[in-house]
Amino acid sequence: MSKPWWRDAVLYQVYPRSFADGNGDGIGDLAGAAERLEYLEWLGVDAIWLNPIHPSPNVDWGYDVTDYTGIHPDLGTLDDLDRLIAEGASRGIRILLDLVPNHSSDGHPWFRERPDFYVWSEEIPNNWESIFGGGPAWTLDEERGRYYLHNFAPEQPDLNWWNPEVRAEFERILRFWFDRDVAGFRIDVAHAIVKDRELRDDPVIPGLGMRRRYSMFRPETHEILREWRALAETYDPPRLLLGEAYSLEAEQWAGYFGERDDQLDLAFAFMLTHAALDADEMRGVVSEIEAALPAHAWPCWAGSNHDIGRLATRWAKGDESRARCALLILLGLRGTPCLYYGDELALEAGAVPADRVLDCATPSRDPGRTPMPWTAGGDWLDPWLPLSDTSRNVEDQRVDSGSTLHFTRDLIGLRRQLPALRSGTYTEIPTSAGAWAWRRGADVAVAVNLADAPVELDDVSGAILLATNRSRDGELVESLALAPGEGAIVATSQRSSGSSAASE
Ligand code: NOJ
Ligand code: CA
């Protein structure tokens with residue numbers, strides 16, 4: 001079988017309400033996203049993942065779906081999506097949607113008409129807690145006098161995946177979108193779709209809190225992923241399944257790819273996302289992941305998303321050079337990187353005053369969801385979430401070849417040019433404390449200094465292909481010296497005898 005397209009790809013997450021507003025109502029939409037395809041093509045990304053675009057009362061901003069085959073009127077129409085897919089295809093950009101199979105909205109007609117699609121109990125049957133709020137994951141439905149399960153908000157009742165008709169409905173939903181040339185799905189809560197049939201108590205481990213053994217992580221979830229993978233592979237090209245698959249440790253996570261490469265194609269490696277921007281910690285996580293993954297498995301790296309916030313703030317604390325190091329890591333590791341809109345600008349978390357907070361979760365995730373700053377003037381009219389800081393914006397950075405935007409674009413370009421950077425093996429290079437360096441294939445090295453003191457890497461010599469400090473591009477080094485918060489990709493071929501890093 002030929003290599004699937006996504007192994008070489010750079011993905012880009014678009015939070016639709018905040019990316020680009022096509023009709024000036026302050027809400028980003030599909031038409032706005034289509035207008036920005038030119039930008040995304042220039043940047044060099046291969047696919048965009050759109051957070052949920054379906055009709056929703058927006059208790060959890062689209063993650064509470066009332067119609068899985070419709071489009072939210074704020075975002076546009078099916079025609080707009082068809083146009084986005086077609087125009088994307090003409091620019092080499094595929095479109096991924098977000099599938100929310102764990103729960104629907106309580107406003108979905110199923111909730112009234114098909115109670116058998118949900119999980120019910122006469123009494124609160126166990127100690128399961130809602131992820132939003134920490135109270136019981138069970139709420140009394142006054143009309144029915146019974147409790148229903150919601151692992152998330154009360155307005156997000158969990159679907160009953162023991163019911164074959166639920167499975168059949170989702171198969172229909174997948175086919176509906178695959179038939180419209182949607183390239184695949186990011187799957188929400190891919191680790192928890194099926195619940196324990198007997199609704200047993202989650203174990204409480206002293207000191208560790210509650211372990212979600214029965215409310216999540218059930219082995220039966222793998223069956224569902226297997227069915228979807230088989231379905232996705234009946235299409236040409238096979239549709240991509242990218243899981244939001246959390247896990248308690250690397251081996252469990254590796255299980256989502258299936259022993260026989262028959263489940264997820266890609267899964268977010270959240271162990272890295274949640275690590276600190278610290279050499280020891282990240283090196284440790286990556287070596288654990290590398291060791292746990294079966295040969296066919298392929299991780300997806302992300303430093304930001306609509307839940308966790310922005311890497312430029314979270315990891316880099318506003319320091320642009322460290323944000324560039326983060327980008328070097330995401331794009332330099334073995335796997336598929338997924339940028340979050342704005343990562344390419346080193347965009348920081350937005351300021352959202354308490355009276356503008358719209359998120360249902362605490363702490364609010366809104367600072368990571370503020371509108372994309374396209375210009376310094378901010379070209380949003382009365383945006384749904386405030387756009388307070390436009391100092392890092394597309395227009396200014398696009399005309400500045402020293403900007404982080406150009407850095408990201410050049411990094412994506414380098415990945416495209418160098419097969420080793422896309423598919424070469426990952427091998428650690430010994431470094432002094434605070435630095436992290438690895439080889440990709442035989443003769444490309446990636447190195448970052450995440451410490452507060454300078455380092456010198458004796459085992460990295462050659463020609464700098466791309467550095468966070470752009471004035472160093474092209475420099476020849478005998479041993480790579482990196483200032484605090486500096487990083488580089490180095491062609492080491494002069495020193496090594498193996499194959500060359502020559503471009504394709
Ligand atoms: C994960 C999504 O990324 C998050 O935004 C959402 O709130 C929960 N799943 C529930 O759907
Ligand atoms: Ca709009």
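We count ligands from 1, going down the list as the structure has it; atoms in each ligand are counted the same way. All values below come from the heavy atoms of this structure, side chains included, with hydrogens, waters and symmetry mates left out.
Of all atoms in ligand 1, listed by their number and element, those nearer than 4.0 Å to a heavy atom of H306 are 2 (C), 3 (O), 4 (C), 5 (O). Below 4.0 Å from some heavy atom of R365 lie the following atoms of ligand 1, by number and element: 4 (C), 5 (O), 6 (C), 7 (O). The ligand atoms of ligand 1 that sit less than 4.0 angstrom from a heavy atom of H103 are 10 (C), 11 (O). For ligand 1, the atoms lying closer than 4.0 Å to a non-hydrogen atom of E244 are 1 (C), 3 (O). Near R369, meaning under 4.0 Å from one of its heavy atoms, ligand 1 places the atoms 5 (O). Heavy-atom contacts of D188 reach the following atoms of ligand 1: 1 (C), 2 (C), 3 (O), 9 (N), 10 (C), 11 (O) (cutoff under 4.0 Å). Close approach of ligand 1 to R186 is summarised as follows: ligand atoms under 4.0 Å from at least one heavy atom of the residue are 2 (C), 3 (O). Within ligand 1, the atoms closer than 4.0 Å to a non-hydrogen atom of V189 are 9 (N), numbered from 1 in the order shown.
Put simply, CG on N127 and CE on M210 are 5.5 Å apart, with the number rounded to the nearest 0.5 Å. Here the CZ atom belonging to F185 is positioned 10.5 Å from the CZ atom belonging to R239, to the nearest 0.5 angstrom.
For D21, the nearest N, O or S atom to the Ca ion (ligand 2) falls under 3.0 Å. Contact annotation: I27 places an N, O or S atom under 3.0 Å from the Ca ion (ligand 2).
Between F270 and Y246, the two ring planes are parallel [angle under 30°; tilted spans 30° to 60°]. The aromatic rings of F19 and Y12 sit perpendicular, their planes meeting at an angle over 60°, well past the 30° parallel limit. H306 and Y63 have parallel rings, their planes meeting at less than 30° on a 0 to 90° scale where 60° marks the start of perpendicular. In this structure, F117 and W110 have perpendicular ring planes: the angle between them is above 60°, well past the 30° mark.
The shortest heavy-atom distance from W61 to ligand 1 is not under 4.0 Å.
The protein heavy atom nearest to atom 6 (C) of ligand 1 is D60 OD2, 3.3 Å. The protein heavy-atom contact nearest to atom 8 (C) of ligand 1 is F152 CE2, 3.8 Å.
The environment of E249 atom CD is dense: over 12 non-hydrogen atoms of other residues, nucleotides or ligands sit within 6.0 angstrom. The neighbour count for E259 CD, taken as heavy atoms of other residues, nucleotides or ligands under 6.0 Å away, does not exceed 12.
When non-hydrogen atoms are compared, ligand 1 lies under 4.0 Å from neither the backbone nor the side chain of N305.
Closest N/O/S atom of D25 to the Ca ion (ligand 2): OD1. Of all the N, O or S atoms in D29, the one closest to the Ca ion (ligand 2) is OD2.
The cationic group of R36 lies under 6.0 Å from the six-membered ring centre of W374 and within 45° of the ring axis, placing it in a cation-pi geometry. Relative to the ring axis of Y214, R197 does not place its NZ or CZ within 45° and under 6.0 Å from the centre.
With respect to the salt-bridge test (charged N to carboxylate O, under 4.0 angstrom), the residues R114 and E169 do not qualify.
Nearest-residue assignment for atom 3 (O) of ligand 1 (options D307, D359, N51, I308; heavy-atom criterion): D307.
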